[in-house]
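Indexing begins at 1, ligand by ligand and atom by atom, following the structure's order. Note: hydrogens, waters and symmetry copies are ignored here, and every other heavy atom, side chains too, is used.
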Amino acid sequence: MRPVLTAATFLLGHAWRTDRRRLVVASALMTVGYLAAPFVGVVLALFTGAALDTDTTRAVVLALVLVALLVAELMLGHFAHLSYFEVGELQAMNLTDDIARIVHGGDIARLDDPGFTQRVTTVTEAVVRIRGALESTLMLAGMVLQVAVTTVILGVVEPWLLLLPVAAVPPVLLAQRAQRVLDAAREDSAADIRLSRHLVTVGTSGSSAKEIRLFGARHLLAARHHEVWARTTGVVWSAHRRSALLRAAGQVWFALAYAAAVLVVVHSAASGTAAIGQVVLVVTLAIQVSVQVSSAIGLLGTLQGAGRVVEHVKEMRGELAGATDPGAEGAAVPVRLGVGIRLEEVTFAYPGAARPVLDGVTLDLPAGATVALVGDNGAGKSTLVKLLCGLYRPTSGRILVDGVDLADVAPADWHARVTTLFQDFARLQLAVRDNVGVGDLARLDDDDALGRALDDARARPIVERLPDGLDQVLGHDYRDGVDLSGGQWQTLGLARTLLRPDPLLLVLDEPASALDATTEHALFERFTASAERAGALAGGVTLFVSHRFSTVRDADRIVVLDGGRVREQGTHDELVAAPDLYAELFALQADAYR
Ligand SMILES: Nc1ncnc2c1ncn2[C@@H]1O[C@H](COP(=O)(O)OP(=O)(O)OP(=O)(O)O)[C@@H](O)[C@H]1O
């Protein structure tokens with residue numbers, strides 16, 4: 001019952017705060033609509049009496065009243081719907097916002113925890129159900145009122161009938177149990193549901209279509225999808241079967257109670273202690289109690305589901321509030337870098353991983369310098385970048401920015417001075433303005449600043465060719481959207497990175513892997529030209545990750561990572577002269593270009 005109360009309190013409280021006038025109008029219309037139903041039985045009984053007495057005038061008047069009550073019962077709910085459906089939509093949207101806040105609040109490392117992502121999937125899936133939950137709450141309140149009034153009327157006719165709603169308690173309990181069975185099955189299958197959705201996306205989206213067709217992988221994906229689907233369906237189906245059996249048992253129990261009620265009043269009529277009108281009243285109202293109870297059980301199920309979503313969101317919100325953020329009120333980020341960024345014995349392991357990805361990394365990134373990070377796949381380069389950007393905290397060791405420990409700095413303050421183009425940079429299917437402007441939200445509507453960033457990234461010709469220029473929506477998922485080539489997306493990503501005026505850390509994490517060597521070199525040149533400005537302005541450090549030695553050779557310092565440790569570092573000439581990994585890999589690449 002607790003989830004139901006949680007849902008009702010949240011939904012009514014939210015509706016009251018959002019639009020109390022609509023809530024009051026909806027409640028009033030629904031109350032009248034729900035009260036009409038038991039009085040239909042009363043008027044029908046009176047009408048039967050009038051008809052048996054052949055009192056035509058009374059019968060006609062009662063028939064008209066009956067019609068009015070039936071119209072109220074059938075229609076008022078629709079008008080109430082007009083009042084509350086928008087509030088219901090708003091509630092789903094607010095909860096979705098809450099979930100996004102929870103996902104983006106706190107430590108980003110939580111997104112590497114399968115337990116956390118699974119809970120987020122479960123809640124995000126279920127949040128659509130919130131849309132109809134306000135309606136269910138109002139309907140349930142109407143039902144409770146209806147059952148109360150119906151019970152009083154039945155009790156007046158025959159006191160034994162006061163027990164009829166009590167007979168509804170076991171079905172309610174069984175329905176609750178049934179709902180728990182379903183919820184548990186859904187939670188158990190959340191990972192498979194996520195996998196199934198991923199397989200559908202891979203199998204149907206344009207971005208993966210080429211490879212799937214060329215490799216003839218459609219059948220493999222379909223087979224995997226069927227496999228996951230069969231597993232999920234197996235679990236959910238068996239839960240549905242158990243749940244249906246539990247609900248059916250409750251309803252059979254209530255049907256027996258109903259039959260007993262009708263027998264009681266028919267017996268009274270047969271013995272002359274009750275009028276025929278009263279038999280009509282009891283048959284009509286007792287049927288209503290059965291409908292009311294089964295509807296209320298359904299509504300309770302909906303509200304339990306909604307309540308669980310609200311509880312999950314509250315729980316996650318609580319965890320977020322309880323998470324200690326030592327940097328929230330902490331040290332200030334230097335305005336400009338005098339010394340640089342230093343990593344001291346930094347070790348990092350992803351949550352749940354047995355071995356650290358970075359192991360005792362000590363490294364100096366001098367102010368204003370351009371540093372290249374190289375190493376084999378999986379050496380830990382991107383992880384190091386994520387730590388430097390303040391997205392993850394070292395498991396042990398420190399990252400010092402001009403002597404200030406990043407752990408003591410409010411993450412948002414550091415993020416405001418970092419600009420990055422990641423390997424898997426975001427392609428926002430929004431306007432060009434948003435794609436670039438998100439790099440510095442304060443400049444989202446500053447066309448001059450956006451223009452400068454586009455020029456720095458040499459992205460202006462791309463935008464000039466678009467029909468709506470800066471306001472062109474990108475992505476082929478929209479009717480008026482225009483899709484860009486991989487290189488064009490990258491160039492826009494670079495413009496986004498270059499929008500910030502005075503970053504202390506500029507990072508390019510191998511976004512150029514899809515480009516040829518010449519284009520990659522040009523991209524890095526554009527980036528380093530801006531980086532030099534940032535270096536001169538604020539002593540910003542420029543860090544880029546690349547596998548191409550033709551690109552990294554001009555860096556002031558090259559750091560070679562190997563198995564999560566710094567293997568060697570120095571200038572290109574120093575490293576080529578040393579008989580180690582860099583010289584070996586450089587020779588291999590140089591041979592390939594000969
Ligand atoms: N989110 C994550 N959760 C768990 N392990 C991860 C995660 N991201 C990376 N790893 C693991 O950390 C190791 C280092 O990955 P990382 O992406 O830092 O390497 P990299 O040097 O950037 O590789 P590449 O050159 O292929 O981009 C890999 O073994 C990878 O499997």
Trainee: Who's the nearest protein heavy-atom neighbour of atom 25 (O) of ligand 1, and how far?
Mentor: K381 NZ, 2.7 Å
Trainee: Any idea which atoms of ligand 1 are less than 4.0 Å away from a heavy-atom of D376?
Mentor: 21 (O)
Trainee: With the threshold set at 4.0 Å, does a side-chain nitrogen-carboxylate oxygen contact exist between R443 and D440?
Mentor: yes
Trainee: For R224, does the CZ atom sit with more than 12 other heavy atoms under 6.0 Å from it, leaving out its own atoms?
Mentor: no
Trainee: Taking R500 for its side chain and G439 for its backbone only, find out whether a donor-acceptor pair lies under 3.5 Å.
Mentor: yes
Trainee: Considering only non-hydrogen protein atoms, determine which one is nearest to atom 29 (O) of ligand 1 and report residue, atom name and distance to 0.1 Å.
Mentor: G378 O, 4.4 Å
Trainee: Starting from atom 1 (N) of ligand 1, find the nearest protein heavy-atom neighbour and note its residue, name and distance.
Mentor: D112 OD1, 2.7 Å
Trainee: What is the minimum heavy-atom distance between V335 and R417, and which atoms define it?
Mentor: O-NH2, 2.8 Å
Trainee: Does the protein come close to atom 6 (C) of ligand 1 - that is, does one of its heavy atoms sit below 4.0 Å from that atom?
Mentor: yes
Trainee: Quick check: do Q569 and I558 have side-chain heavy atoms less than 4.5 Å from each other?
Mentor: no
Trainee: So, are D509 and K381 salt-bridged, with charged N and O less than 4.0 Å apart?
Mentor: no
Trainee: Tell me which protein heavy atom sits closest to atom 26 (O) of ligand 1, plus the residue, atom name and distance to 0.1 Å.
Mentor: N377 ND2, 3.0 Å
Trainee: In the protein, what heavy atom is nearest to atom 15 (O) of ligand 1, and what distance, to one decimal place, separates them?
Mentor: T383 OG1, 3.8 Å
Trainee: Just jot down the side-chain contact (heavy atoms from CB on, under 4.5 Å) partners of T347, sequence neighbours excluded, or say none.
Mentor: P356, D359, S396
Trainee: Just to confirm my output: which protein heavy-atom neighbour is closest to atom 27 (O) of ligand 1, and how far is it?
Mentor: Q423 NE2, 3.1 Å
Trainee: Under 4.0 Å between a Lys/Arg side-chain N and an Asp/Glu carboxylate O for D364 and R557?
Mentor: no
Trainee: Is there a donor-acceptor contact under 3.5 Å from the side chain of R186 to the main chain of V236?
Mentor: no
Trainee: When you measure from atom 10 (N) of ligand 1 to the protein, is at least one non-hydrogen atom found at a distance under 4.0 Å?
Mentor: yes
Trainee: Where on V545 is there a heavy atom closer than 4.0 Å to ligand 1, on the side chain, on the backbone, on both, or on neither?
Mentor: neither
Trainee: Check the surroundings of atom CZ in R427: do more than 12 heavy atoms from other residues, nucleotides or ligands lie under 6.0 Å from it?
Mentor: yes
Trainee: Of all the non-hydrogen atoms in the protein, which one sits nearest to atom 12 (O) of ligand 1, and at what distance?
Mentor: V357 CG2, 3.3 Å
Trainee: Please state which protein non-hydrogen atom is closest to atom 17 (O) of ligand 1 and give its distance, to 0.1 Å?
Mentor: S382 CB, 3.6 Å
Trainee: Pull out every atom of ligand 1 sitting under 4.0 Å from any heavy atom of G380, numbered as shown with elements.
Mentor: 14 (C), 18 (O), 19 (O), 20 (P), 21 (O)
Trainee: Please report whether ligand 1 has a polar contact with Y392, defined as an N or O pair separated by less than 3.5 Å (distance criterion only).
Mentor: no
Trainee: Consider every N or O of G375 and every N or O of ligand 1, then say whether any pair is closer than 3.5 Å.
Mentor: no
